[in-house]
Amino acid sequence: MAEIIDGNAVADEIKDEIVVEKKKLADKGITPGIATLLVGDDFGSRMYRGQVEKNCESVGFNYIDKSLPEETTEEEVVNVVKELNEDPKVSGILPLRPFPGHISDSAVINTIRVDKDIDCFHPFNMGRLTLGEPTLAPCTPSACIELMERVGVEFEGAEIVVVGHSNIVGKPVALLALNRNATTSVAHIFTSQAGNLEKHTTGADILIVAAGKAGLITSDLVKEGAVVIDVGINRVKVLDEEGNPVLNDKGKPKTRTVGDVDFDDVKEKAKAITPVPGGVGAVTNMMLLKNALTAAKMQAGLE
Ligand code: NAD
């Protein structure tokens, strides 16, 4: 049975470290701050915004909410980013996507000051990451690495397979692994469609899954003794023993959050595994705060 990697415990450790660093900065008259930029009313983005606000409060960071109506023009959004770039209370800017269709991601992201780009969206920072010189590393990918480092996983020469090739998780986590001298492969939807997913995943000493598909990874796709990091977040219906949906008080199907990995099945075969919830997500939140702190230091000429 696998070691369950406790993301909440790792997140608490990182939070304690942030609080210590934050106090040292306060002595120099510096308070880190995060501004979120939300355009429209996307449910997931609203949830994430609230979480960032709560996390900032919990460590005494400034928090600035820029929630703009759906009909805000691209030019107006870009102007808000320019204001945030100049605002000394803001050390990091987090655009919450998806934006409404009339706003181009790149128009917004390319406007963010590179030393305030705390989730490594800007092409300059992605370039630094590719060169192995990240300053503000992307939060979810670094959370995956941090979780493994804190439980003593060795990267050099390890076979790492990443499932998912998005710009925000799959590609950057593969680069972070490559920068640590792991032998890194990236599988994705076309790997599955070509019938080759299992061929790759069963060779992985470390399997990082970020596909957004509940139950994608079952034990037959995992090597005995692998470390399995589950990034996926999916809402699924709760089923009873006969496979029927369990209803709540309002007669609606109850749902729960699961990852992309069939946890109960895979934990019997893996050496270590992250749960969902309580794994990568918890640490991602802390990596964002950590980046805001680093950004504040950079802006003060301390780093
Ligand atoms: P995305 O939709 O942008 O990308 C999904 C990737 O998975 C694509 O590269 C696609 O090719 C691949 N994929 C989809 N189906 C597949 C299949 N059947 N076989 C192989 N590959 C397949 O998603 P994303 O933004 O990268 O997020 C991935 C998941 O991670 C989502 O569930 C998301 O909610 C979650 N997520 C979690 C955190 C966190 O902090 N825990 C942060 C960001 C995203």
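In this chain, residues are counted from 1 in sequence order. On a predicted model such as this, the values are computed, not experimentally measured, just so you know. Each ligand, and each atom within it, is numbered from 1 in the order the structure gives.
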A.B. asks: Give the atom numbers and elements of ligand 1 that come within less than 4.0 Å of a heavy atom of Gly281.
C.D. replies: 40 (O), 41 (N)
A.B. asks: Using a 4.0 Å cutoff against the non-hydrogen atoms of Val169, which atoms of ligand 1 qualify?
C.D. replies: 26 (O), 43 (C), 44 (C)
A.B. asks: Using a distance-only test with no angle check, is there a side-chain donor-acceptor pair under 3.5 angstrom linking Thr218 and Asp262?
C.D. replies: no
A.B. asks: Yes or no: does Val163 have any heavy atom under 4.0 Å from an atom of ligand 1?
C.D. replies: yes
A.B. asks: By number and element, which atoms of ligand 1 are closer than 4.0 Å to a non-hydrogen atom of Gly164?
C.D. replies: 6 (C), 7 (O), 9 (O), 12 (C)
A.B. asks: Flag yes if Met298 and Ile18 sit in one hydrophobic cluster, no otherwise; membership is Ile, Leu, Val, Met, Phe, Trp, Tyr, and two members link when side-chain heavy atoms are under 4.5 Å apart.
C.D. replies: no
A.B. asks: Checking side-chain polar atoms at under 3.5 Å, does Tyr48 have a donor or acceptor matched by the opposite partner on Arg97?
C.D. replies: no
A.B. asks: Between Glu57 and Tyr63, is any pair of side-chain heavy atoms under 4.5 Å apart?
C.D. replies: no
A.B. asks: With the 4.5 Å side-chain cut-off for hydrophobic clustering, are Ile229 and Ile145 part of the same group?
C.D. replies: yes
A.B. asks: Can you list the ligand 1 atoms lying under 4.0 Å from a non-hydrogen atom of Ser192?
C.D. replies: 17 (C), 18 (N), 19 (N), 20 (C)
A.B. asks: If you measure from each non-hydrogen atom of His188 to ligand 1, which part falls under 4.0 Å: side chain, backbone, both or neither?
C.D. replies: both
A.B. asks: In a table with atom names and distances, give each donor-acceptor pair under 3.5 Å that connects a side chain of residues 1-14 to protein atoms at least two apart or in another chain.
C.D. replies:
{"residue": "Asp6", "atom": "OD1", "partner": "Asn8", "partner atom": "N", "Å": "3.0"}
{"residue": "Asp6", "atom": "OD1", "partner": "Ala9", "partner atom": "N", "Å": "3.1"}
{"residue": "Glu13", "atom": "OE1", "partner": "Arg150", "partner atom": "NH1", "Å": "2.9"}

A.B. asks: Tell me, please: is Ala210 in heavy-atom contact with ligand 1, that is, under 4.0 Å?
C.D. replies: yes
A.B. asks: To check you understand the geometry: which heavy-atom pair defines the closest contact between Val161 and His200, and what is its length?
C.D. replies: CG2-O, 3.5 Å
A.B. asks: Heavy atoms only: which of Pro138, Gly212, Ala211 is nearest to atom 14 (C) of ligand 1?
C.D. replies: Ala211
A.B. asks: Does Ser166 approach ligand 1 within less than 4.0 angstrom via side chain, backbone, both or neither, non-hydrogen atoms only?
C.D. replies: both
A.B. asks: Quick one: does Lys213 get an N or O within less than 3.5 Å of an N or O on ligand 1?
C.D. replies: no
A.B. asks: If the threshold is 4.0 Å, N to carboxylate O, is there a salt bridge linking Glu133 and Arg128?
C.D. replies: yes
A.B. asks: What part of Ile189 sits under 4.0 Å from ligand 1 if we count only heavy atoms: the side chain, the backbone, both or neither?
C.D. replies: both
A.B. asks: Decide whether an N or O pair under 3.5 Å exists between Ile168 and ligand 1.
C.D. replies: no
A.B. asks: Hey, is atom 25 (O) of ligand 1 touched by any protein heavy atom at less than 4.0 Å?
C.D. replies: yes
A.B. asks: What part of Thr191, side chain from CB on, backbone N/CA/C/O, both or neither, has a heavy atom under 4.0 Å from ligand 1?
C.D. replies: neither
A.B. asks: Output all residues satisfying ring pair (Phe, Tyr, Trp, His ring centres under 6.0 Å) with His122, sequence neighbours left out; order by chain, then residue number.
C.D. replies: none
A.B. asks: With a 3.5 Å cut-off and no angle check, do the side chains of Asn291 and Asp119 form a donor-acceptor pair?
C.D. replies: no
A.B. asks: Hey, is Thr140 touching ligand 1 through its side chain, its backbone, both or neither, going by heavy atoms under 4.0 Å?
C.D. replies: side chain
